[in-house]
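Quick notes on the structure that follows.
When a residue number appears, it is its place in the shown sequence, counting from 1.
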Amino acid sequence: RDFEAMVEGKPVRLIKDGSFAIDNFKKEPLGEYEFFAELRMQGVSQLGQIEEAILESSGNISIFYFPDDEVKFGLPIMPGSLDKSSRKIVYNDYYSCTFCGYTEILKPSHSQSCIKCRKDKWVKASNRKRVT
């Protein structure tokens with residue numbers, strides 16, 4: 001079984017509970033734009049819609065979605081949505097870390113570090129449901 005996993009590769013969790021599984025994501029040669037494009041082609045507009053996303057050994061991505069009533073605020077992945085990222089938080093609202101996708105309510109401040117990855121660029125989070 002170990003030999004089979006070595007030869008074929010193991011499935012890798014890329015997203016867990018609406019944010020990146022950072023340790024796994026760093027190991028995979030998957031570009032952000034390519035990955036976001038793949039998610040969009042499967043009807044995803046923000047990461048809070050995803051309970052889990054797994055990169056299979058075949059190179060395909062399996063996505064398991066939250067039911068609509070459990071969709072969380074998450075990192076928007078539509079083209080241009082990360083262009084408005086900022087270190088400064090102006091309004092009390094949900095924000096997502098642009099690096100790891102961790103999402104929380106932030107209060108106005110000049111700079112705020114993500115508790116998950118320590119990066120400090122944020123974008124307003126989305127709670128948009130999937131359109132199926």
Legend entry - Geometric cation-pi criterion Lys116 and Tyr102, 6.0 Å radius, 45° cone: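 So Lys116 doesn't make the cation-pi contact.
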Side chains of residues 122-129: which donor-acceptor pairs under 3.5 Å do they make with residues two or more places apart or in other chains?
| residue | atom | partner | partner atom | Å |
| --- | --- | --- | --- | --- |
| Trp122 | NE1 | Gln112 | O | 2.7 |
| Lys124 | NZ | Asp93 | OD2 | 2.9 |
| Ser126 | OG | Arg128 | N | 3.1 |

Side chain of [X], backbone of [Y]: donor and acceptor closer than 3.5 Å?
X: Gln46; Y: Arg130; result: no
X: Glu56; Y: Ser58; result: no
X: Thr103; Y: Gly101; result: yes
X: Ser109; Y: Ile89; result: no

Inset, instruction - Examine Leu14 and Leu39 and state if one hydrophobic cluster contains both, with Ile, Leu, Val, Met, Phe, Trp and Tyr joined whenever side-chain heavy atoms are less than 4.5 Å apart. - result: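 Shared cluster, yes.
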In Å, rounded to the nearest 0.5 Å, how long is the span from [atom1] of [X] to [atom2] of [Y]?
X: Glu34; Y: Glu38; atom1: CD; atom2: CD; result: 8.0 Å
X: Arg87; Y: Asp120; atom1: CZ; atom2: CG; result: 4.5 Å
X: Ile105; Y: Asn92; atom1: CD1; atom2: CG; result: 7.0 Å
X: Ile77; Y: Ser96; atom1: CD1; atom2: OG; result: 11.5 Å
X: Gln42; Y: Ser62; atom1: CD; atom2: OG; result: 8.0 Å
X: Phe64; Y: Lys16; atom1: CZ; atom2: NZ; result: 11.0 Å

Under 4.5 Å between any side-chain heavy atoms of [X] and [Y], yes or no?
X: Cys114; Y: Cys100; answer: yes
X: Asp17; Y: Glu51; answer: yes
X: Glu52; Y: Ile63; answer: no
X: Leu106; Y: Glu104; answer: yes
X: Ile50; Y: Val44; answer: yes
X: Val90; Y: Pro108; answer: no
X: Asn60; Y: Leu55; answer: no

Legend entry - Exceeds 12 heavy-atom contacts within 6.0 angstrom, atom OH of Tyr94: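 At most 12 heavy atoms, drawn from other residues, nucleotides or ligands, come within 6.0 Å of this atom.
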Legend entry - Nearest heavy-atom neighbours spanning Cys117 and Phe99: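 Residues Cys117 and Phe99, closest heavy atoms: SG-CD2, 3.7 Å.
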Inset, instruction - Could you tell me which non-hydrogen atom of Cys97 sits nearest to which non-hydrogen atom of Leu75, and how far apart they are? - result: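 Heavy atoms only, the tightest pair is O-CD1, 3.8 Å.
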Inset, instruction - Please work out whether the ring planes of Phe20 and Phe35 are parallel, tilted or perpendicular, with thresholds of 30° and 60°. - result: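 Taking Phe35 first and then Phe20, their aromatic rings sit tilted (interplane angle of 30° to 60°).
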Legend entry - Partner set under ring pair (Phe, Tyr, Trp, His ring centres under 6.0 Å) for Tyr65, not counting sequence neighbours: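 Per chain and number, Tyr65 pairs via ring pair (Phe, Tyr, Trp, His ring centres under 6.0 Å) with no residue.
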Inset, instruction - I would like to know whether Ile15 and Arg13 meet side chain to side chain contact (heavy atoms under 4.5 Å, CB included); could you show each step before the answer? - result: CA-CA 6 Å; Ile15 295 175; Arg13 178 182 292 127; over 6 Å; no
